[in-house]
A.B. asks: 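Following this message is one structure expressed as structure tokens.
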Amino acid sequence: TSKKKSSYEIVTLTTWLLKQEQRGDIDGEMTIVLASISTACKQIASLVQRAPISDLTGVQGAVNVQGEDQKKLDVVSNEVFSNCLKSSGRTGVIASEEEDVPVAVEESYSGNYIVVFDPLDGSSNIDAAVSTGSIFGIYSPNDECLADISDDATLDSVEQRCVVSVCQPGNNLLAAGYCMYSSSVIFVLTIGTGVYVFTLDPMYGEFVLTQEKVQIPKAGKIYAFNEGNYAMWDDKLKKYMDSLKEPGDSGKPYSARYIGSLVGDFHRTLLYGGIYGYPRDKKSKNGKLRLLYECAPMSFIVEQAGGKGSDGHQRILDIVPTEIHQRVPLFIGSVEEVEKVEKFLA
Ligand code: AHG
Ligand code: MN
Ligand code: MN
Ligand code: MN
């Protein structure tokens with residue numbers, strides 16, 4: 001007789017991962033990589049929440065490859081993420097917003113998977129305790145890079161091979177997710193079978209399943225753009241933005257919500273509907289957001305929830321990166337809202 005499911009059965013991320021492994025949707029190695037990522041996120045959550053107490057607010061003093069003043073927590077969360085992945089023994093190469101080039105995990109600890117991540121997204125919010133997050137994506141290995149790292153290949157050829165192995169289109173993603181450090185600590189994950197939401201229970205430090213197979217509303221009247229850049233946008237985009245402010249047939253204009261953290265603005269868009277946009281402008285020819293570890297993972301998630309991720313003309317997931325920190329314009333959210341801006345930009 002089948003065991004009666006106890007109505008009090010709590011599904012944690014760990015038990016959920018094991019169930020997906022039993023179903024054959026992920027393999028044992030991926031389970032370990034995802035578990036190590038969730039551990040990194042728990043550690044970052046606690047560092048973020050105690051930042052003012054442990055003197056982890058403010059800048060580190062260095063400028064990263066993006067040309068940004070690194071926050072102390074940018075650096076620390078990068079180390080936490082990298083260390084968790086390396087000690088998982090199942091990761092071969094990591095590419096981070098905060099690393100100039102991809103890092104090959106040393107031979108004895110090297111595993112198969114390639115993990116790209118933004119260890120702390122929206123880090124300009126840290127000092128004001130506004131929501132931040134971490135974003136990640138997992139690719140399968142590209143033998144090109146992992147084959148003979150041990151041999152005496154010169155660094156630049158190993159590095160070059162690693163760049164090749166990491167520069168894969170979002171269509172190749174096996175898993176993607178983010179952790180949002182906000183009023184709740186929320187871990188959102190897809191392994192290609194829908195979008196699952198876990199909430200950290202501080203009582204016992206576990207992520208508990210709180211939503212499954214999330215579907216983003218087909219439309220939504222909330223837009224998240226940094227309108228401070230309006231003057232630098234091209235005319236078609238200005239016309240789109242102006243159209244959101246007319247009452248329209250519903251008699252009500254759109255609402256603006258923008259917190260300066262992609263993870264926070266995206267999570268609200270995923271649950272309430274609407275659109276987040278970071279367009280190109282006269283100053284940033286390709287926009288600001290990075291394809292590999294911001295736009296592609298978020299686009300995989302939004303498509304799994306029935307939404308759309310576009311650069312204004314094409315699917316983000318179709319774009320093949322040519323360099324690690326490549327930037328692309330991003331319009332992401334409800335299908336009807338993304339299609340509306342694509343029409344204006346056509
Ligand atoms: P990061 O903190 O990882 O560098 O990313 C910041 C990004 C994104 O999170 C946010 O939506 C956007 O930058 C905000 O940019 P503006 O301050 O230019 O609006
Ligand atoms: Mn940054
Ligand atoms: Mn970011
Ligand atoms: Mn970041």
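When reading the values below, keep in mind they use all heavy atoms of this one structure, side chains included, and skip hydrogens, waters and symmetry mates.
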A.B. asks: State whether the side chain of Lys72 and the backbone N or O of Thr57 hold a donor-acceptor pair below 3.5 Å, judged by distance alone.
C.D. replies: yes
A.B. asks: Could you report the tightest heavy-atom contact between Ile135 and Glu294, atom names first, then the distance?
C.D. replies: CD1-CG, 4.1 Å
A.B. asks: Kindly indicate, with the supporting measurements, whether the criterion side chain to side chain donor-acceptor pair (under 3.5 Å) is fulfilled by Lys221 and Ser250.
C.D. replies: CA-CA 10 Å; Lys221 302 199 74 169; Ser250 70; 2.7 Å; yes
A.B. asks: Would you find a donor on one side and an acceptor on the other, under 3.5 Å apart, between the side chain of Ser134 and the backbone of Pro119?
C.D. replies: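 Yes, because the side chain of Ser134 sits within donor-acceptor range (under 3.5 Å) of the backbone of Pro119.
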A.B. asks: Should Ile191 and Leu209 be regarded as members of a common hydrophobic cluster, given that ILVMFWY residues are connected when their side-chain heavy atoms come within less than 4.5 Å of each other, either directly or indirectly?
C.D. replies: yes
A.B. asks: Hey, does Ser284 have a side-chain heavy atom less than 4.5 Å from the side chain of Asp281?
C.D. replies: yes
A.B. asks: On a heavy-atom basis, which atom in Pro321 and which in Pro169 lie closest, and how many Å separate them?
C.D. replies: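 It is CD-N, 3.8 Å.
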A.B. asks: Which is it for Glu99 and Ile94 under the side chain to side chain contact (heavy atoms under 4.5 Å, CB included) test, yes or no, and what are the steps along the way?
C.D. replies: CA-CA 9 Å; Glu99 300 283 351; Ile94 59 178; 5.6 Å; no
A.B. asks: Looking only at heavy atoms, which two atoms of Val335 and Gly306 are closest? And how far apart?
C.D. replies: CG2-O, 3.2 Å
A.B. asks: Under the 3.5 angstrom rule, does the side chain of Arg257 hit a backbone N or O of Ala224 as a donor-acceptor pair?
C.D. replies: no
A.B. asks: I'd like to know whether OH of Tyr230 has more than 12 heavy-atom contacts from other residues, nucleotides or ligands below 6.0 angstrom.
C.D. replies: yes
A.B. asks: Quick check: closest heavy atoms across Tyr139 and Gly170, and the distance to 0.1 Å?
C.D. replies: OH-CA, 3.7 Å
A.B. asks: For the pair Lys42 (side chain) and Gly205 (backbone), establish whether a donor and an acceptor sit closer than 3.5 Å, ignoring hydrogens and angles.
C.D. replies: yes
A.B. asks: With a 4.5 Å limit on heavy-atom distance, are the side chains of Leu237 and Leu345 in contact?
C.D. replies: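 Answer yes - side chains close enough.
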A.B. asks: Give the intermediate values and the outcome of side chain to side chain donor-acceptor pair (under 3.5 Å) for residues Thr39 and Ser36.
C.D. replies: CA-CA 5 Å; Thr39 301; Ser36 73; over 6 Å; no
A.B. asks: To the nearest 0.5 Å, what is the distance between CD on Glu227 and CG on Asn229?
C.D. replies: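 Atom-to-atom, Glu227:CD and Asn229:CG are 10.0 Å apart.
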A.B. asks: Do Met298 and Tyr276 share a hydrophobic cluster (ILVMFWY, side-chain heavy atoms under 4.5 Å, transitive)?
C.D. replies: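 Cluster IDs for Met298 and Tyr276 match.
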A.B. asks: Could you walk me through whether Gln20 and Thr193 pass the side chain to side chain donor-acceptor pair (under 3.5 Å) test, one step at a time?
C.D. replies: CA-CA 10 Å; Gln20 309 323 305; Thr193 60; 5.0 Å; no
A.B. asks: Between Asn78 and Val75 (side chain of the first, backbone of the second, donor and acceptor by atom type, cut-off under 3.5 Å), is there such a pair?
C.D. replies: no
A.B. asks: Side-chain donor-acceptor pair under 3.5 Å between Glu79 and Asn83, yes or no?
C.D. replies: no
A.B. asks: Are Tyr272 and Leu262 co-members of a hydrophobic cluster defined by side-chain heavy atoms under 4.5 Å apart?
C.D. replies: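 Per the 4.5 Å side-chain linkage, Leu262 and Tyr272 are co-clustered.
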A.B. asks: Drop me the distance from Phe331's CZ to Phe225's CZ, to the nearest 0.5 angstrom.
C.D. replies: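 Reported value, rounded in 0.5 Å steps: 5.5 Å.
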A.B. asks: Check whether Ser96 reaches the backbone of Glu98 with its side chain - one donor and one acceptor, N or O, closer than 3.5 Å.
C.D. replies: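 Side chain of Ser96 to backbone of Glu98: a pair is present.
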A.B. asks: Let me see the working for Val33 and Phe136 under side chain to side chain contact (heavy atoms under 4.5 Å, CB included), right down to the final yes or no.
C.D. replies: CA-CA 11 Å; Val33 173; Phe136 62 90; over 6 Å; no
A.B. asks: Measure the shortest side-chain to side-chain distance between Lys71 and Ile126 over non-hydrogen atoms and say whether it is less than 4.5 angstrom.
C.D. replies: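 Side chain of Lys71 against side chain of Ile126, heavy atoms only: no contact under 4.5 Å found.
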A.B. asks: Would you confirm whether Ser88, through its side chain, and Leu85, through its main-chain N or O, come within 3.5 Å as a donor-acceptor pair?
C.D. replies: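 At least one qualifying donor-acceptor pair exists.
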A.B. asks: Mind checking whether Phe81 and Ile32 sit in one hydrophobic cluster, side chains of I, L, V, M, F, W, Y counted as touching below 4.5 Å?
C.D. replies: no
A.B. asks: Please state whether the rings of Trp16 and Tyr196 are parallel, tilted or perpendicular, taking 30° and 60° as the class boundaries.
C.D. replies: tilted
A.B. asks: Below 4.0 angstrom, N of the basic side chain to O of the carboxylate: do Glu212 and Lys19 qualify?
C.D. replies: no
A.B. asks: State plainly whether the residues Arg23 and Asp25 are in salt-bridge range, i.e. N to O under 4.0 Å.
C.D. replies: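 So Arg23 pairs with Asp25 through a salt bridge.
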A.B. asks: Search all heavy atoms of Ser299 against all heavy atoms of Leu330 and return the closest pair with its distance.
C.D. replies: OG-CD1, 4.2 Å
A.B. asks: Given the rule that I, L, V, M, F, W and Y join up when any side-chain heavy atoms are under 4.5 Å apart, are Tyr278 and Phe266 in one cluster?
C.D. replies: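 Yes, Tyr278 and Phe266 fall within the same hydrophobic cluster.
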A.B. asks: Among Ile186, Val185, Val208, find the one that has a side chain to side chain contact (heavy atoms under 4.5 Å, CB included) with Thr199.
C.D. replies: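 Of the listed options, the one satisfying the test is Ile186.
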A.B. asks: For Asn125 and Ser131: C-alpha separation, side-chain torsions, deciding distance, then whether side chain to side chain contact (heavy atoms under 4.5 Å, CB included) applies.
C.D. replies: CA-CA 7 Å; Asn125 283 327; Ser131 310; 5.9 Å; no
A.B. asks: Tell me if the centroids of the rings in Tyr240 and Trp233 come within less than 6.0 Å of each other.
C.D. replies: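 No, the ring of Tyr240 stays outside the 6.0 Å limit from the ring of Trp233, centre to centre.
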A.B. asks: Counting distance only, does the side-chain N/O of Thr190 pair as donor-acceptor with the main-chain N or O of Gly192 below 3.5 Å?
C.D. replies: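 Pair found, side chain donor or acceptor close to backbone of Gly192.
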A.B. asks: Determine, stepwise, if the pair Gln66 / Glu97 fulfils side chain to side chain donor-acceptor pair (under 3.5 Å).
C.D. replies: CA-CA 8 Å; Gln66 322 285 341; Glu97 178 200 352; 4.6 Å; no
A.B. asks: Can you tell me if Lys252 has over 12 outside heavy atoms packed within less than 6.0 Å of its NZ?
C.D. replies: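 Incorrect, the count does not exceed 12.
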A.B. asks: Rounded at 0.5 Å granularity, tell me how far CD1 in Ile332 sits from CD1 in Ile216.
C.D. replies: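 Ile332 CD1 to Ile216 CD1: 8.0 Å, rounded to 0.5 Å.
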A.B. asks: Please round to the nearest 0.5 Å and tell me the distance separating atom SG of Cys84 and atom CD of Gln43.
C.D. replies: 4.5 Å
A.B. asks: Taking the side chain as everything from C-beta on, heavy atoms only, tell me whether Tyr109 gets closer than 4.5 Å to Lys86.
C.D. replies: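 No, every pair of side-chain atoms sits at 4.5 Å or beyond.
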A.B. asks: What closest approach, in Å, do Cys295 and Leu289 show between heavy atoms, and which atom pair accounts for it?
C.D. replies: SG-CB, 3.6 Å
A.B. asks: OG/Ser182 to CD1/Ile259 distance, rounded to the nearest 0.5 angstrom?
C.D. replies: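 The distance works out to 7.0 Å.
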A.B. asks: Do Leu292 and Ile324 come within less than 4.5 Å of each other through their side chains, counting heavy atoms only?
C.D. replies: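 Answer yes - side chains close enough.
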A.B. asks: If we check side chain to side chain contact (heavy atoms under 4.5 Å, CB included) with Ile138, which of these qualifies: Ile114, Ile26, Leu34, Leu173?
C.D. replies: Leu34
A.B. asks: Determine yes or no for a side-chain-to-main-chain donor-acceptor pair under 3.5 angstrom, with Gln314 supplying the side chain and Ile319 the backbone.
C.D. replies: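 Checking the backbone N and O of Ile319 against the side chain of Gln314, no donor-acceptor pair under 3.5 Å is found.
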A.B. asks: Hey, what do you get for CG (Leu120) to CG (Asp118), rounding to the nearest 0.5 Å?
C.D. replies: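 Here the rounded value is 7.0 Å.
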A.B. asks: Asp311 vs Ile316, test: side chain to side chain contact (heavy atoms under 4.5 Å, CB included). Steps then yes/no.
C.D. replies: CA-CA 6 Å; Asp311 70 353; Ile316 291 288; 4.0 Å; yes
A.B. asks: Just one of Tyr181, Phe207, Tyr178 clears the ring pair (Phe, Tyr, Trp, His ring centres under 6.0 Å) bar with Phe187, so which one?
C.D. replies: Phe207
A.B. asks: Any side-chain to backbone donor/acceptor pair from Ser334 onto Pro217? Under 3.5 Å, distance only.
C.D. replies: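 Indeed, once roles are kept as given, a pair shorter than 3.5 Å links the two residues.
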